[in-house]
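Both counts, for ligands and for their atoms, begin at 1 and track the order of listing. Bear in mind that the values here come from a model prediction, so they are computed numbers and not experimental data.
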Amino acid sequence: MLEVEQILCQMTLEEKAALCTGASAWTTLAIPRLGIPEMVVSDGPHGVRRVTDVQAVGAKSLPATAFPTASCLSATWDRELLREVGAAIAREAIALGVDVVLGPGNNMKRSPLGGRNFEYFAEDPYLAGELAASYIQGVQAQGVGTSLKHYAANNQEYQRLRIDVRVDERTLREIYLTGFEIAVKKGRPWTVMCAYNKVNGTYASEHRYLLQQILKDEWGFEGLVVSDWGAVVDRVAALEAGLDLAMPGPKARFTQALVEAVRSGRLEEARLDEAVRRILRVVFRAKATPKGGQFDLEAHHALARRAAAEGMVLLKNEGLLPLKNPQRIAVIGRSARYPQFQGGGSSNVNPTRVDIPLEELRRLAGEAQIAYAEGYPEGLAEDPGLIEEAVARAKEAEVALVFVALPPAVESEGYDRPFLGLTPQQEALIQAVSQAQPRTVVILNTGSAVDMRTWIGGVGAVLQGWLMGQAGAGAIADILFGRVNPSGKLAETFPLRLQDTPAYLNFPGENGEVRYGEGIYIGYRYYEAKELPVLFPFGHGLSYTTFHYANLRCPPRFKDTEGLRIAFEVTNTGQMAGKEIVQVYVRDPQASLPRPPKELKGFAKVALEPGETKTVEIELDYRAFAYYHPGLKDWVAEEGEYEILVGASSADIRLCQTVVLEATQDWPSLLNEESTLREWLQDKRGRGIMEPFLEEMLPRIRAAFGLEEGETFIGMDLMGFLLDMPLRSVLDFQSEQLPAPPEAMVQELLHRVRGVKRSGEEHRVL
Ligand code: BGC
């Protein structure tokens, strides 16, 4: 942008430094002399929290639609719907004078206890990345910016401002960065928000590797990096690392520090210019969209209801739902009257209105009588009297609908959940009601998985309603009465118990550190590798109709660079129109590094009338087959067989076909001075050299140990003993008889592997 360059060269050092920190809690600095306007940012992600007073972080906000939280939106698995919701949020942002919406949140759900899981999409990076990209596209197509957050590895609330996440490179790349990578590359967000926490010893706000090398250089991110609110510790170190805008402001000491750093030569002015350039580009882009006007409250409320219905997941149904015209219904549970439709913290929207489940049920129940009982008191308090009353109502009715929501004290931003279950009173309530009334349906409004062991067996149906947004009550009523056929599927596993969860022994960390000891095995990757039973698997969700999958077509061989296009058919074999979320997983049965039993690499949501069949086509690209190799520092799709698994959930695979990938990439050998005999034999190039070499060498080693062929060495198998030793050490056993020192011989072999020509002729090592 020419304008940006022209302005930049007229700015004083002080002005440049000042622009790199907010002017208030929610605005950037305006510099009228140069025609630089202020830019207004507001939370996000599931609605606009436009505060009335920009000086205050926690100020009251103007009414806006509270759309379903990410917990619910993600379970829609519907890219188009995410775009629609994003576009509606952008229209509200425009009406409310907001330039950039602070969302979507795209951290992985590492543990179901994560306090902000309700703001995040999934335990799978591909699903999360695709949904985040769609949301971003939806918002930004209207000329409003987004802030993809919190980059990176912010997977818990405990000590979030200082915890040091210890995570290995492969895990970081495959699990914790991939969702961001997809969202950055496909969604092209205007801004990315760095996380509070440290990653391997360095604050995310000062992390050059994350911010500059990966995000900006490798992924080509062109927008600005903003800090999470209060995440900047050392302003100069942060700027140097690629953090462009520090929020909130004003903070004179930050401006001062940058000015002094440039003057003293600690910071190159060119780096400051780069940050200013990125900020100005976004500011002017934002200003191209005029703000003001109205938004359509009714239309957005209706969209919020539709989106909520698409994301609710029917977890269990023993023929109880949809309700079959009952005449006496008991509605039990406080959240039927006081719905928990969003979570606490920065995402908390001041809703334009809130629908109440009890009222929505009455609206759709026709002539049926509805009796209400509170069931449990507010918060964590207990009151056995409320259970007795609920049981009495349940006995009088033909069906009991029990609404349960976790109190804000145990699910919110700022702290993690202390336990995986419901509150003791809520569990006791469900048990008592379902004993009195076998036709009991539980409707859960939680932002994440729940341990249901104490009561699931006794109830006839469970509907996961999530933190469902202001119109979610209507969506629940629509599903219970069969006006909407449920079609949501889980974006996270529901484990049986907390002790089974992958991060159980490493969450939330101790002594200032949290070790991601489970590595790449999070969510279903872990449960499947361990063959652990779960309550409801990733991708699970029931419908009022049934679907049949058939006729998977994949070319048997394909080139890695060309990817693979697969096709199959899905038929609605039931009586009701419905939508099926079809999932494509890839399994690599044989790889040089361990891989999860299967990984999600494609999905689609298909609407089908009864009896209707549709063909689904899905493209799988290079990355669908690749893993991140920390040695090669690259994504590797190995030559050979892969299984394409098409299913209704991660645990319900309906179609399978084996394909062969032809690798076009020739990876350099990773053999080095430390490589073991086994590694030499496994290496594509090393094997050809090592096999004949070993043939000559083995008799010498045997001789050195005084062994006959086939004889064991102090009771050990000789090869077994040698295989995992560095080649250097193997040679060392017979060094007296060697033509050269072991180190030199290894070097010589390495040269041969790397194809380095030496002094004209082929060198013999032995
Ligand atoms: C949260 C961010 C939020 C920011 C501004 C922080 O505490 O982590 O998600 O956008 O505050 O409210």
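- The distance from ligand 1 to the heavy atoms of Lys149 drops below 4.0 Å at these ligand atoms: 2 (C), 3 (C), 9 (O), 10 (O).
- Looking at Leu406 and Leu422, their side chains come closer than 4.5 Å, going by heavy atoms from C-beta outward.
- Heavy atoms of Glu119 stay at 4.0 angstrom or farther from ligand 1.
- Shown in contact with Met193 at under 4.0 Å from a heavy atom are these atoms of ligand 1, numbered in order with element: 10 (O).
- Taking 4.5 Å as the limit, some side-chain heavy atom of Cys20 sits within range of a side-chain heavy atom of Arg235.
- Between Glu240 and Arg208 there is no salt bridge, since none of the side-chain N atoms of the basic residue sits less than 4.0 Å from a carboxylate O of the acidic one.
- To the nearest 0.5 Å, atom CZ of residue Arg83 and atom CG of residue Leu131 are 10.0 Å apart.
- Residue Thr65 forms a side-chain hydrogen bond (donor to acceptor under 3.5 Å, both in side chains) with just one option from Gln470, His46, Glu92, and that option is Glu92.
- For atom 7 (O) of ligand 1, the closest heavy atom belonging to the protein is Tyr196 OH, 2.8 Å.
- In this structure a side-chain-to-backbone donor-acceptor pair under 3.5 Å is present from Lys198 to Arg162.
- Protein heavy atom at the shortest distance from atom 5 (C) of ligand 1 is Asp43 OD2, 3.2 Å.
- If you check which protein heavy atom lies closest to atom 11 (O) of ligand 1, you get Asp228 OD1, 3.5 Å.
- Each of the following atoms of ligand 1 lies closer than 4.0 Å to a heavy atom of Arg49: 12 (O).
- Between Arg116 and ligand 1, at least one pair of N/O atoms sits closer than 3.5 Å.
- Using a cutoff of 4.0 Å between basic side-chain nitrogens and carboxylate oxygens, Asp168 and Arg173 are not scored as salt-bridged.
- Residue Trp26 approaches ligand 1 through these ligand atoms, each under 4.0 Å from one of its heavy atoms: 5 (C), 12 (O).
- Close placement of the Tyr524 and Phe538 rings is indicated, their centers lying within 6.0 Å of each other.
- With a 4.0 Å heavy-atom cut-off, ligand 1 is reached by the side chain of Arg160 but not by its N, CA, C or O.
- Ligand 1 does not have Met247 within reach: every non-hydrogen atom of the residue lies 4.0 Å or more from it.
- Shown in contact with Ser346 at under 4.0 Å from a heavy atom are these atoms of ligand 1, numbered in order with element: 1 (C), 2 (C), 3 (C), 9 (O), 12 (O).
- Within the 4.5 Å cutoff, side-chain heavy atoms of Glu130 are placed close to those of Ile182.
- Of all atoms in ligand 1, numbered sequentially from 1 with element shown, those under 4.0 Å from a heavy atom of His150 are 2 (C), 8 (O), 9 (O).
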